[in-house]
Amino acid sequence: MTQQTQTDYDVVIVGGGPSGATAANDLALEGYRVMLLDRAGRIKPCGGAVPPRLLKDFDIPKSLLVAHANSARIIAPSNKTVDMPCGGDGYVGMVDRDQFDEWLRERAEKSGATRITGTFETVDTDDAKIATVNYRTERNAPLQSVTTRAVIGADGARSRVGQQCIKNADRVPCVFAYHEIVKVPETVTEDYLPNRCDVYYQGHISPDFYGWVFPHGKTASIGLGSANKGFALREATAAMREQVGLAHWETVRKEGAPIPLKPLRRWDNGKNVIVAGDAAGVVAPSSGEGIYYAMTAGRMSAQAVGAFLTSGEAKALKLARKSFMKAHGRVFWILGMMQYFWYKNDKRRERFVKMCDDPDVQRLTWESYMNKELVKREPKAHFKIFLKDTAHLFGMKAVER
């Protein structure tokens, strides 16, 4: 590490969600002076699903999982259901974001990061490329400032850091997500299982995305998303709860927020600022999965910032997006195409659910989810799935297995 300049911190990270907290922990462990700035009381609406690989890659204890789902049930517009068991030892881990995010922030603090509760206001850079981050600890509190050599904006979709520092950062397409956390009764008589994720592909629930019921142990997440700004998310969620028989379950809290579904073309300002996580747009299209990708982007941004601080070369900041797209860009492109074709109307959603009844589709889907990469073996299986996918899309008879 190069000799420290006369700044308050080497890195200021705005946003203490999974991405920002991961970046803060990694950089603090490397010996950098890190400030982690996060708003009070922030909980993101999220189904809370994480793959087993996340626990391994980021050294997360299994005790943070509030539930293990070993199957998914997808529901078509006609109410036809398809069960997709994970198979073997596979599972979908479920976390509660209020507990999970706080654990990540506490870990970063134990590793040496300085935690500050407050709201980001602005960032300015002088001629020496030293950044000044301005924030308030409370709404009407005096403005406070710190100087730093680098800034990571991990402050979510439509990031204020990104909008101030990176061209076109405000143009990322978003799905608006809303969910309600409900208490699961001691005795459950409804069609609900504590180890199953239910996903609703029905236009009246969401005209362009999906609705979900995800188990969280003693609670459950019931929600949906839509990019249609005129769609009434709360009313649709209430209708879904009535439909699935969970309207009478006690509501613990309600949350809503935009979720980006396309990585930004640029993550840095070419000087000393970089974005990560939702601020960089790294939520998977089609599925809306974001926690693993946010933490991965946070780590890659931390590595890029470390290279920048060591070399003094701003071009090192580009390494984060380059590394992320090399590892996950192809998956994001495929999922984007899936969302574009299959979520357009109920006729296509019906065919999509039918396609998911195929064993090849199920097996390769789960293997890709668990490993967070496209399964490279068995090219014949991939080709068959492509033919089946095309047949279903155009309403033709599916290719026999």
Side-chain angles (χ1 to χ4, degrees), residues 1-2 4-17 19-24 26-27 30 32-38 116 118-135 143 145-174 258 260 262-283 293-294 296-326 329:
M1 186 169 61
T2 58
Q4 294 176 349
T5 58
Q6 295 301 311
T7 58
D8 297 314
Y9 295 96
D10 296 314
V11 189
V12 170
I13 299 171
V14 180
S19 189
T22 297
D26 285 3
L27 286 164
E30 290 294 321
Y32 291 105
R33 299 169 299 154
V34 179
M35 171 178 157
L36 179 61
L37 176 66
D38 192 51
I116 301 293
T119 302
F120 168 82
E121 294 288 343
T122 58
V123 57
D124 304 301
T125 299
D126 63 18
D127 293 338
K129 296 185 179 180
I130 299 301
T132 299
V133 175
N134 305 298
Y135 66 97
L143 198 66
S145 303
V146 293
T147 56
T148 180
R149 299 172 61 198
V151 177
I152 297 178
D155 50 336
R158 296 178 175 169
S159 158
R160 293 183 68 182
V161 174
Q163 289 181 32
Q164 290 183 27
C165 302
I166 300 172
K167 185 178 180 180
N168 296 327
D170 58 340
R171 297 185 180 180
V172 60
C174 290
K262 187 175 182 180
L264 293 180
R265 286 186 172 274
R266 182 164 185 168
W267 292 10
D268 70 279
N269 68 345
K271 298 178 181 178
N272 52 13
V273 176
I274 189 171
V275 291
D278 281 14
V282 293
V283 178
Y293 294 115
T296 299
R299 171 157 290 172
M300 291 176 174
S301 292
Q303 291 169 347
V305 166
F308 163 65
L309 293 174
T310 299
S311 67
E313 297 288 339
K315 63 182 181 181
L317 297 175
K318 298 184 183 297
L319 295 174
R321 188 184 189 280
K322 183 177 180 180
S323 298
F324 185 90
M325 297 307 292
K326 181 178 180 180

Please confirm whether the backbone N or O of [Y] pairs with a side-chain atom of [X], one donor and one acceptor, at under 3.5 Å?
X	Y	answer
N269	N272	yes
S159	A279	no
D278	G281	no

Side-chain contact, heavy-atom cut-off 4.5 Å: [X] with [Y]?
X	Y	answer
W267	I166	no
T148	V146	no
V161	V133	no
R321	R266	no
L143	E121	yes
L319	Q303	no
V305	L317	yes

Where do [X] and [Y] come nearest, in terms of heavy atoms and distance?
X	Y	result
A297	G277	CB-N, 3.7 Å
V11	I13	CG1-CG1, 3.9 Å
A276	I152	CB-CG2, 4.2 Å
A169	Q163	CB-N, 4.0 Å
I274	A320	CD1-CB, 3.6 Å
A314	G270	CB-O, 3.2 Å

For the atom pair [atom1] ([X]) and [atom2] ([Y]), what is the distance rounded to the nearest 0.5 Å?
X	Y	atom1	atom2	answer
R149	D10	CZ	CG	5.5 Å
D26	S301	CG	OG	10.5 Å
E313	K318	CD	NZ	12.5 Å
L27	Y9	CG	OH	14.0 Å
K129	F308	NZ	CZ	7.5 Å
N134	T122	CG	OG1	3.5 Å

Which of these, D124, D8, T132, T7, sits in a side chain to side chain donor-acceptor pair (under 3.5 Å) with T147?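 The single option meeting the side chain to side chain donor-acceptor pair (under 3.5 Å) with T147 is D8.
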Taking it one step at a time, do V123 and V14 satisfy side chain to side chain contact (heavy atoms under 4.5 Å, CB included)? CA-CA 11 Å; V123 57; V14 180; over 6 Å; no
Check ion pair D155-R160 (N to O, under 4.0 angstrom):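 Judged by the 4.0 Å cut-off on N to carboxylate O distance, D155 and R160 do not form a salt bridge.
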